[in-house]
Structures are given as C-alpha cells and as structure tokens.
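First the structure, in the form of structure tokens, and then the observations on it.
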Amino acid sequence: MEHHERAIERYVADVSADPEVLAVVVSGSVARGAERADSDVDLYLVVTESRWDEAYAARRLMFTSTEGIGYDEGYFDVKLATLSYLDDAAERGDDPVRDSFASARVVFSRVPDLPDRLARVTQVSAADWRDRVAGFVAQCRLHGGYFLPQAHEHGDPLLLAHASVHLVTSAARALLAHNRVFFPGPKYLRARVAGLASAPPGFGSLLDDVIASPSPTTAAALLEAVETFVGGALPRHETLSRFVLDNELAWRYRTAPPEYS
C-alpha cells in the first residue's frame, strides 16, 4: 500500500547516511503484498559487524520504532543482520529465518552481491528436505503412538497437551517439508497447511481434531494419514534412534531439536 511505501522511503532516507548501515531489506506481509492497512513494516537492517556487536552487548538486536511511520497504529519492526548473519542463515538457518527472506525485497544496499546472498538463504537441497520429512515422521510416531496414549491412559493432562501439540506440529511440518514449504512459525501454520498442493484428504481437520479432543483415536487417525502419505521416508526400525538423536542427543551434536529447526 502507498502509505507503507512512503514509510519505507522515509526510513531509508533516515538510515542510509550512516556508513555502518549496509542495506535495508523489507520482509513480512509488506514484502509479500499481503499487508493490511494497519500492518507493521518488517525490516532487516544489515549493519557492520561492529554495529552488531554493540547491539548484541546492549541486547538490542531487534526493536520497534514509530519514528517516521506516518500512519495510525503502524510501526517499524526491525531486526539487525550482518553479512555473516546471512551466510550463517544460508548454511544452517532455521525455517522461520529462511521463510522471512523468501519474499524479501532490497530497498537500499551498499552490497553488490546482496541479492545472491539472500537467495542462498532460501535454498535447501532435496536431500535436506527428505531428511526433514524423516525427522518429523519420527516425532509423529513417538508423540502420537506412545506419549499421547500413555498420557490418556494415566490421566496426565500436561503430557496429553504436550504430546498433542507436538504431534500436530510434527505432522504438519512433515507435510510442509514434503511440499518443500518453509515453516514460518505456529501463528501461520494452519494457513500454510491449507495451501499445500499435496496433502492427505481432510488433513487440516485431522490436525484440529487432535487439538480439540486429544485421544488415542484422534491421534491414530492423524498418524495413519501421515504414515500413508510420507511414512516411507523413515523405516520403522529407525524411529527410536532418530527420535533420540534429534531430541535427547541434540545437546551433544550441537543441533537444534526438530521443533526449533
């Protein structure tokens, strides 16, 4: 919308004279063209390493500002980044950070190869996508086939809620990875699932059923859909070891558990 573009122009005019500002990148709904009139403007402010270090020490790597926004209820939602941050994101970034650059738009830059750096952030190999599916299938099998039924049997409401949320999230992410779609965060998960090109019939309803009424019956129905559609990504005899590697041994191998990947 025009008022968002004017706000971005004012922001760039304000920060571009600073030699430690290397680029301004628009992300979020404004970059995707899905903004509402009152949407905030999500920005990555690419800065020098020294500016990052200062912000890190001050615990100010992300902040909001209304200065120059120019419309009611609007604000700039600013995340700092550096060139090494972008390189790290391309190498080992999680889904939310990769997704945030998927529709990103450069509005100011002193970095000639910035578009290439941003493009690399969103590139994931076919092998990595397949491995993600396998990891989430393992999560589904343990949370849906073991933890949830155990919680139901023993009347443990905390474990029941925990297992149902993890089952639903893992099932959804298995299908997202199968479709090579990034996970932007729980807030957007239902919309991403609804937009999948390839999914089991009624998949969204199966997810909702587990959350609304977590039980061995609803869990089994969701598990059956996952197994039928993507269960072949992980042989059953590898399930427990994969779950342990991804969760209980994540600390040793310095990897993020699947829910944080």
Side-chain angles (χ1 to χ4, degrees), residues 32 93-99 102-103 122-153 159-248 250 255-261:
R32 295 193 305 271
D94 62 12
D95 262 28
V97 75
R98 292 183 190 274
D99 182 74
S103 301
T122 64
Q123 293 171 2
V124 176
S125 71
D128 283 343
W129 281 121
R130 289 193 296 270
D131 188 65
R132 291 181 186 205
V133 176
F136 287 119
V137 167
Q139 299 292 311
C140 288
R141 288 173 180 166
L142 266 295
H143 287 296
Y146 177 71
F147 292 119
L148 192 150
Q150 285 279 301
H152 193 270
E153 179 182 349
L159 181 58
L160 187 65
H162 183 273
S164 62
V165 169
H166 282 267
L167 167 59
V168 165
T169 304
S170 297
R173 294 199 63 181
L175 268 294
L176 290 180
H178 174 73
N179 284 268
R180 302 187 180 185
V181 173
F182 291 126
F183 168 69
K187 179 180 176 181
Y188 307 100
L189 184 58
R190 292 183 85 256
R192 287 291 168 94
V193 167
L196 290 178
S198 178
F203 187 65
S205 295
L206 293 172
L207 298 175
D208 291 342
D209 288 346
V210 173
I211 294 299
S213 181
S215 70
T217 300
T218 56
L222 177 56
L223 270 175
E224 181 180 2
V226 172
E227 291 288 0
T228 300
F229 215 75
V230 295
L234 183 70
R236 284 194 171 274
H237 69 272
E238 295 181 14
T239 299
L240 185 58
S241 287
R242 179 61 189 259
F243 185 88
V244 169
L245 281 169
D246 285 350
N247 293 274
E248 298 177 21
T255 57
E259 65 183 301
Y260 300 114
S261 63

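We use all heavy atoms of the structure for the numbers below, so side chains are in, but hydrogens, waters and symmetry mates are not. Sequence positions, counted from 1, serve as the residue numbers for this chain. All values derive from a computational prediction rather than experimental measurement.
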inquiry  = Does V181 form a side-chain contact (heavy atoms from CB on, under 4.5 Å) with L196? I'd like the steps, not just the answer.
reply    = CA-CA 8 Å; V181 173; L196 290 178; 4.0 Å; yes
Does the [X] side chain pair with the main chain of [Y], one donor and one acceptor, at a distance under 3.5 Å?
X: R173; Y: P258; value: yes
X: S164; Y: L160; value: yes
X: T239; Y: R236; value: yes
X: R32; Y: S103; value: no

task = Could you list the residues that satisfy salt bridge (charged side-chain N to carboxylate O under 4.0 Å, His left out) with D131, not counting sequence neighbours?
result =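 Applying salt bridge (charged side-chain N to carboxylate O under 4.0 Å, His left out) to D131 gives R242.
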Could you check whether any side-chain heavy atom of [X] comes within less than 4.5 Å of a side-chain heavy atom of [Y], counting everything from C-beta outward?
X: E224; Y: L206; value: no
X: V137; Y: V230; value: yes
X: S261; Y: F136; value: yes
X: D94; Y: Y260; value: no

Between [X] and [Y], which heavy-atom pair has the shortest distance, and what is it?
X: G93; Y: R98; result: O-NE, 3.0 Å
X: A219; Y: G144; result: CB-O, 3.8 Å
X: V193; Y: L176; result: N-CD2, 4.4 Å
X: A138; Y: L234; result: CB-CD2, 3.6 Å
X: A233; Y: V133; result: CB-CG1, 3.6 Å
X: L207; Y: A171; result: CD2-CB, 4.1 Å

Passing candidate, side-chain contact (heavy atoms from CB on, under 4.5 Å) with L175, options P200, S198, S170 =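 Answer to the side-chain contact (heavy atoms from CB on, under 4.5 Å) test with L175 among P200, S198, S170: P200.
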inquiry  = So for atom CD, which belongs to Q150, do other residues, nucleotides or ligands contribute more than 12 heavy atoms lying within a distance under 6.0 Å?
reply    =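 Yes, CD of Q150 has more than 12 neighbouring heavy atoms, counting only those of other groups under 6.0 Å.
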Rounded distance (nearest 0.5 Å) linking atom [atom1] of [X] with atom [atom2] of [Y]:
X: L189; Y: T169; atom1: CG; atom2: OG1; result: 6.0 Å
X: E259; Y: D246; atom1: CD; atom2: CG; result: 11.0 Å
X: D99; Y: Y188; atom1: CG; atom2: OH; result: 9.0 Å
X: L148; Y: L167; atom1: CG; atom2: CG; result: 6.5 Å
X: N247; Y: H143; atom1: CG; atom2: NE2; result: 6.0 Å
X: D208; Y: R190; atom1: CG; atom2: CZ; result: 4.0 Å

inquiry  = Assess whether a salt bridge exists between D95 and R192, defined as any Lys/Arg side-chain N lying under 4.0 Å from an Asp/Glu carboxylate O.
reply    =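 Between R192 and D95 there is no salt bridge, as every charged N stays at least 4.0 Å from the carboxylate O atoms.
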task = State whether E238 and R141 are salt-bridged, where the test is any N-O pair (Lys NZ or Arg NE/NH1/NH2 against Asp/Glu carboxylate O) under 4.0 Å.
result =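 The answer is no: the pair does not qualify as a salt bridge.
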message = S215: which residues meet the side-chain contact (heavy atoms from CB on, under 4.5 Å) condition with it, sequence neighbours left out?
response =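 Applying side-chain contact (heavy atoms from CB on, under 4.5 Å) to S215 gives H152, T217, T218.
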request  = May I ask you to decide if the ring planes of F147 and F243 are parallel, tilted or perpendicular, using 30° and 60° as cut-offs?
outcome  =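 Rings of F147 and F243: tilted, 30 to 60°.
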